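We count ligands from 1, going down the list as the structure has it; atoms in each ligand are counted the same way. Positions are given from 1, in the same order as the sequence printed here. Since we're looking at a predicted model, the values are computed, not measured.
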Amino acid sequence: MAEPIRVVVIEDEAPIRRFLRAGVGPDEVAWIEAATGEEGVRLVAQRQPDVVLLDLGLPDQDGLDVLRGLREWTDVPVIVLTARGQESDKVLALDAGADDYVTKPFSLAELMARVRAAVRRAHVATVEPPSVVQAGDLRVDLALRRVFQGEREIRLTPTEYRLLALLAGQAGRVLTHRHLLREIWGPEYEDATHTLRVHMASLRQKIEPDPVQPRYVRTETGVGYRFLVG
Ligand code: CA
C-alpha cells in the first residue's frame, strides 16, 4: 500500500482542521496540525512534509510572511487557503512562491486533487522536467519547440509559443499575469495585462477546439492561467 501523504496544515480555525481530519483518514493523509504560523514553520522543519496547506489569515503572522519565510529554505509545495473573492491575495501568494490555492469554502475532493497534483509535480521536478507535454490531442514538444494537434503541426508566433511553453512546462499550476508578462516581455511590462490577453486570444484561436470554452488553457479569473493536462 502507498504511504500516506504527509501534510502540514497551518490553520487557526479548528473546525477546518477537524473537517480535513474527518474527511480524509490516516491511510491516505497524515495530517500534522498547527494553529499558528510559528508552530507551522517549526513543524515543516521537523517533519519534512510532502505538502503544506497554509491559511493566509493567521493570528500571529501574515500567512504571506510565513510563505516568504518558508521559501528561504524549502521547496516543499505550498497550497494556500484563501477567502472567496480575494484575488489579490492569490496573486501575491503565487508570486511569493505558493504552488496553488484553494478558495474557502472548498470541497475535500477538490483539495485532495490539488494536493495529489502538487505531490506529483514535486516528484517529477526532482526527476527531470518533461520535454514533451501531451494534453488530449495537443502535443507541445519543448525540446524541439514545436506544437502538434494530432499529426498536424500548429504554427505559432514566437510569443504565442513562449506563452504556451511556459504554461505547459508547469502544467497544472497557475501562472500569474505578472509572472507571464515578466518572463515573456520583461519586468517593465508586468502590468500590461491587455497585451497578455491579446496574445492569449490568438493562441487559443490556434490550439483550442472551441476558444470560447478553452480546454487546454484555463482562465483563473483575476489571477492568471493554468494549463490542464487531464
Ligand atoms: Ca484563519
Side-chain angles (χ1 to χ4, degrees), residues 3-122 125 170 172-179 218-226 228:
E3 291 281 299
I5 302 171
R6 291 143 45 78
V7 181
V8 166
V9 188
I10 309 176
E11 164 64 82
D12 57 310
E13 289 169 69
I16 292 187
R17 300 200 308 270
R18 268 201 301 279
F19 168 69
L20 295 171
R21 218 184 318 124
V24 183
D27 291 350
E28 206 176 337
V29 170
W31 298 107
I32 303 159
E33 299 176 26
T36 64
E38 188 185 346
E39 190 186 1
V41 170
R42 186 168 51 75
L43 287 173
V44 173
Q46 282 174 358
R47 308 289 293 275
Q48 307 273 311
D50 300 304
V51 174
V52 175
L53 290 188
L54 173 64
D55 178 33
L56 289 183
L58 292 168
D60 62 327
Q61 293 176 53
D62 185 332
L64 284 172
D65 290 335
V66 174
L67 173 62
R68 292 189 188 103
L70 287 172
R71 278 294 170 259
E72 289 175 8
W73 56 272
T74 175
D75 291 329
V76 64
V78 175
I79 299 174
V80 297
L81 307 176
T82 68
R84 182 180 293 284
Q86 303 193 328
E87 263 69 33
S88 59
D89 282 356
K90 297 174 188 170
V91 172
L92 287 172
L94 291 165
D95 283 337
D99 293 77
D100 209 341
Y101 57 79
V102 175
T103 307
K104 294 181 190 176
F106 52 82
S107 80
L108 264 183
E110 181 194 0
L111 176 71
M112 286 310 298
R114 297 289 170 81
V115 166
R116 285 191 207 95
V119 171
R120 259 197 315 275
R121 278 198 303 274
Q170 301 206 55
R173 251 186 114 146
V174 182
L175 299 187
T176 63
H177 299 134
R178 183 177 290 260
H179 175 84
R218 189 163 82 188
T219 297
E220 297 281 328
T221 306
V223 178
Y225 299 99
R226 187 196 300 264
L228 298 176

Lys/Arg-Asp/Glu bridge criterion (N-O < 4.0 Å) met for Arg21, Glu33 | yes
Are Arg226 and Asp100 ion-paired here, with the side-chain N under 4.0 Å from a carboxylate O?
-> yes
Does the pair Lys104/Glu11 count as a salt bridge with the N-to-O cut at 4.0 Å?
-> yes
Sidechain-backbone polar pair: Thr74 side chain, Val76 backbone, donor-acceptor under 3.5 Å = yes
Is the distance from the Ca ion (ligand 1) to the nearest N/O/S atom of Leu56 under 3.0 Å?
-> no
The Ca ion (ligand 1) is nearest to which N, O or S atom of Asp55?
-> OD2
When you measure from the Ca ion (ligand 1) to each N, O or S atom of Asp12, which atom gives the shortest distance?
-> OD1
